[in-house]
2 protein chains.
Amino acid sequence: MLENKEYKEVLKREGLKNTKHRTSILEVMEHSEVPLTAEEIFIRLKEWNVAISLSTVYRVLETLVTKDLVNKSSISNDSKALFEINRMEHKHHLVCMGCKKMVSVEGCPFEEFEKKIQGTNGFDITGHKLEIYGYCAECKHGK
Amino acid sequence: MLENKEYKEVLKREGLKNTKHRTSILEVMEHSEVPLTAEEIFIRLKEWNVAISLSTVYRVLETLVTKDLVNKSSISNDSKALFEINRMEHKHHLVCMGCKKMVSVEGCPFEEFEKKIQGTNGFDITGHKLEIYGYCAECKHGK
DNA sequence: TTAGTTGCAAATCGTTTGCATCAAG
DNA sequence: CTTGATGCAAACGATTTGCAACTAA
């Protein structure tokens, strides 16, 4: 499962050593539709029989974030950070308040709105984050 | 500075005892334009000569959040939680990535967008959160 | 009186770091 | 070889909790 050539180049391009840990972590994220916590990545690596320590997961993720290969975020009122591979596509998520499941949603209503407030207060806008909360089909019925 | 009658009723309505700590915390939040951390609230209380412990601040805030009198949130990649009094008005903020200053912004482009994805994936949407990132006038120049 | 509230210190949780070892270039 | 990457355990910062003392109702 774990043998990807393209990551070797990505890492080299960024001046990072090509280690199994790094490519494996990138693969785990590549295979996930939704952002993952460091611990979830750690667990998936174990399932793939990749021996690694949790602190290395954190260190690799931090490195990848500074290289802009990975995005770090979090959902409100949850203490754990989330990481997702930077696919360079602009996406938002529906977050279920019951099970914390996240679902991608197409589209973004901001291109214009952002321009509208661009310049307001002298602010130089670089980006935004949108989270939509609610209850997924399963959790809705449980309520 | 600290003597508000209306909070006594708010607390009673929610079945909470009326204590000086609770009304004081509500007042601190009432007087702030932007969300505050528990520690910032703690410090302002000290400035107002209200003796309180930090753990009580956390406990009171948690209680107020469950009663929906206060909203808890956080800005991305920052480990501290933010609290603001629930003014029942729908607002979003510009967050400066330099100094973390927050500025309120008028308007919200979502009423329609939210309806558009309402029902998608069986999701029952209850709300959303939008943060707009950038650099404020001062930090922009420092860059 | 009594159920809910508080202070204090210790515990917890996610994350980071120091240091000695190891491996990619 | 040399620099960067890793594991481990200890440190960290924000938040939570156990418990005994207190106080609003």
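Computed from heavy atoms alone, side chains included, the values below leave out hydrogens, waters and symmetry copies.
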Engineer: Between B:Gly15 and B:Ser55, who's closer to the 5' end of DNA chain C by nearest nucleotide?
Structural biologist: B:Gly15
Engineer: Could you state the interatomic distance from CD (B:Glu40) to CE (B:Met29), rounded to the nearest 0.5 Å?
Structural biologist: 10.5 Å
Engineer: Measure the distance from CD on B:Glu62 to P on C:dT5 and round it to the nearest whole Å.
Structural biologist: 12 Å
Engineer: Could you check A:Tyr7 against A:Glu27 for side chain to side chain contact (heavy atoms under 4.5 Å, CB included), going step by step and ending with a plain yes or no?
Structural biologist: CA-CA 9 Å; A:Tyr7 290 132; A:Glu27 289 237 11; 3.6 Å; yes
Engineer: What is the separation between atom CD on A:Glu40 and atom P on C:dT15, rounded to the nearest whole Å?
Structural biologist: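 Roughly 11 Å, once rounded to whole Å.
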Engineer: Please list, in numerical order, the residues of residues 79-86 of chain A that have a heavy atom closer than 4.0 Å to any atom of DNA chain C.
Structural biologist: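 Close to the strand are A:Ser79, A:Lys80, A:Ala81.
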Engineer: Any idea which heavy atoms bring A:Pro35 and A:Leu82 closest together, and the distance?
Structural biologist: CB-CB, 3.7 Å
Engineer: Taking the side chain as C-beta and beyond, is there a heavy-atom pair between B:His21 and B:Leu45 under 4.5 Å?
Structural biologist: no
Engineer: Quick one: what's the B/S/- string for nucleotides 20-25 of chain C, heavy-atom cutoff under 4.0 Å, read 5' to 3'?
Structural biologist: ----BS
Engineer: Go through DNA chain D in 5' to 3' direction and return only the first and the last nucleotide with some atom under 4.0 Å of chain B's heavy atoms.
Structural biologist: D:dA14 to D:dA25
Engineer: Show which side-chain atoms of residues 62-75 of chain B pair as donor or acceptor with protein atoms under 3.5 Å away, not counting sequence neighbours.
Structural biologist:
unit_1: B:Thr63; atom_1: OG1; unit_2: B:Arg59; atom_2: O; d: 2.9
unit_1: B:Thr66; atom_1: OG1; unit_2: B:Thr63; atom_2: O; d: 2.7
unit_1: B:Lys67; atom_1: NZ; unit_2: B:Glu14; atom_2: O; d: 3.2

Engineer: Partners of B:Arg87 by side-chain contact (heavy atoms from CB on, under 4.5 Å), sequence neighbours excluded?
Structural biologist: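 For B:Arg87 the side-chain contact (heavy atoms from CB on, under 4.5 Å) partners, ignoring immediate neighbours, are B:Glu30, B:Ile85, B:Glu89.
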Engineer: Give the minimum heavy-atom separation between B:Phe83 and B:Ile41, together with the two atoms involved.
Structural biologist: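 So the two residues come closest at CB-CD1, 4.5 Å.
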Engineer: Applying a 4.0 Å non-hydrogen cut-off, can you work out what A:Arg59 is touching in the nucleic acid: base, sugar-phosphate, or nothing?
Structural biologist: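 Since a base atom lies under 4.0 Å of A:Arg59, the category is base.
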Engineer: So if I take residues 63-74 of chain B and measure heavy-atom distances to DNA chain D, which residues fall below 4.0 Å?
Structural biologist: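 Contacting residues: none.
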Engineer: Does a side-chain N or O from B:His21 land closer than 4.0 Å to OP1 or OP2 of C:dT5, or not?
Structural biologist: no
Engineer: Using the ring-ring contact (aromatic ring centres under 6.0 Å, His included) criterion, which residues pair with B:His92? Sequence neighbours excluded.
Structural biologist: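 By the ring-ring contact (aromatic ring centres under 6.0 Å, His included) rule, B:His92 matches B:His90, B:His128.
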Engineer: Specify the angle, to 10°, made by the local axes at the two ends of the helix from C:dT1-D:dA25 to C:dG25-D:dC1 when five pairs are taken at each end.
Structural biologist: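 End-to-end axis angle: 30°.
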Engineer: Please test A:Ser32 against A:Arg44 for side chain to side chain contact (heavy atoms under 4.5 Å, CB included), starting from the C-alpha separation and ending with a verdict.
Structural biologist: CA-CA 11 Å; A:Ser32 177; A:Arg44 297 199 186 189; 4.1 Å; yes
Engineer: Only counting residues at least two apart or in another chain, list the ones meeting salt bridge (Lys or Arg N to Asp or Glu O under 4.0 Å) with B:Glu131.
Structural biologist: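 Partners of B:Glu131 under the salt bridge (Lys or Arg N to Asp or Glu O under 4.0 Å) test: B:Lys129.
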Engineer: Rounded to whole angstrom units, what separation is found between the CD atom of B:Glu14 and the C1' atom of C:dT5?
Structural biologist: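 It works out to 17 Å between those atoms.
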Engineer: Tell me which one of A:Thr19, A:Ile25, A:Leu26, A:Ile52 satisfies side chain to side chain contact (heavy atoms under 4.5 Å, CB included) with A:Val60.
Structural biologist: A:Ile25
Engineer: Just jot down the side chain to side chain donor-acceptor pair (under 3.5 Å) partners of B:Ser55, sequence neighbours excluded, or say none.
Structural biologist: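 Side chain to side chain donor-acceptor pair (under 3.5 Å) check on B:Ser55 returns B:Ser53.
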Engineer: On a heavy-atom basis, which atom in B:Phe42 and which in B:Leu54 lie closest, and how many Å separate them?
Structural biologist: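 For B:Phe42 versus B:Leu54, the nearest heavy atoms are CE1-N, 3.5 Å.
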Engineer: Below the 4.0 Å mark, does C:dT16 have OP1 or OP2 next to a side-chain nitrogen or oxygen of A:Tyr58?
Structural biologist: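 It does not, given that no N or O in the side chain of A:Tyr58 lies less than 4.0 Å from OP1 or OP2 of C:dT16.
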Engineer: Under the side-chain contact (heavy atoms from CB on, under 4.5 Å) rule, collect the residues that match up with A:Ser79, sequence neighbours excluded.
Structural biologist: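 Once residues adjacent in sequence are excluded, A:Ser79 has no partner under the side-chain contact (heavy atoms from CB on, under 4.5 Å) criterion.
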Engineer: What is the distance from CZ of A:Phe42 to C1' of C:dG14, rounded to the nearest Å?
Structural biologist: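 Atom CZ in A:Phe42 sits about 14 Å away from atom C1' in C:dG14.
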Engineer: Please list, chain by chain and in numerical order, all residues satisfying side chain to side chain donor-acceptor pair (under 3.5 Å) with A:Glu84, sequence neighbours excluded.
Structural biologist: none
Engineer: Can you name the one residue among A:Asn18, A:Val28, A:Val50 that meets side chain to side chain contact (heavy atoms under 4.5 Å, CB included) with A:Thr23?
Structural biologist: A:Asn18
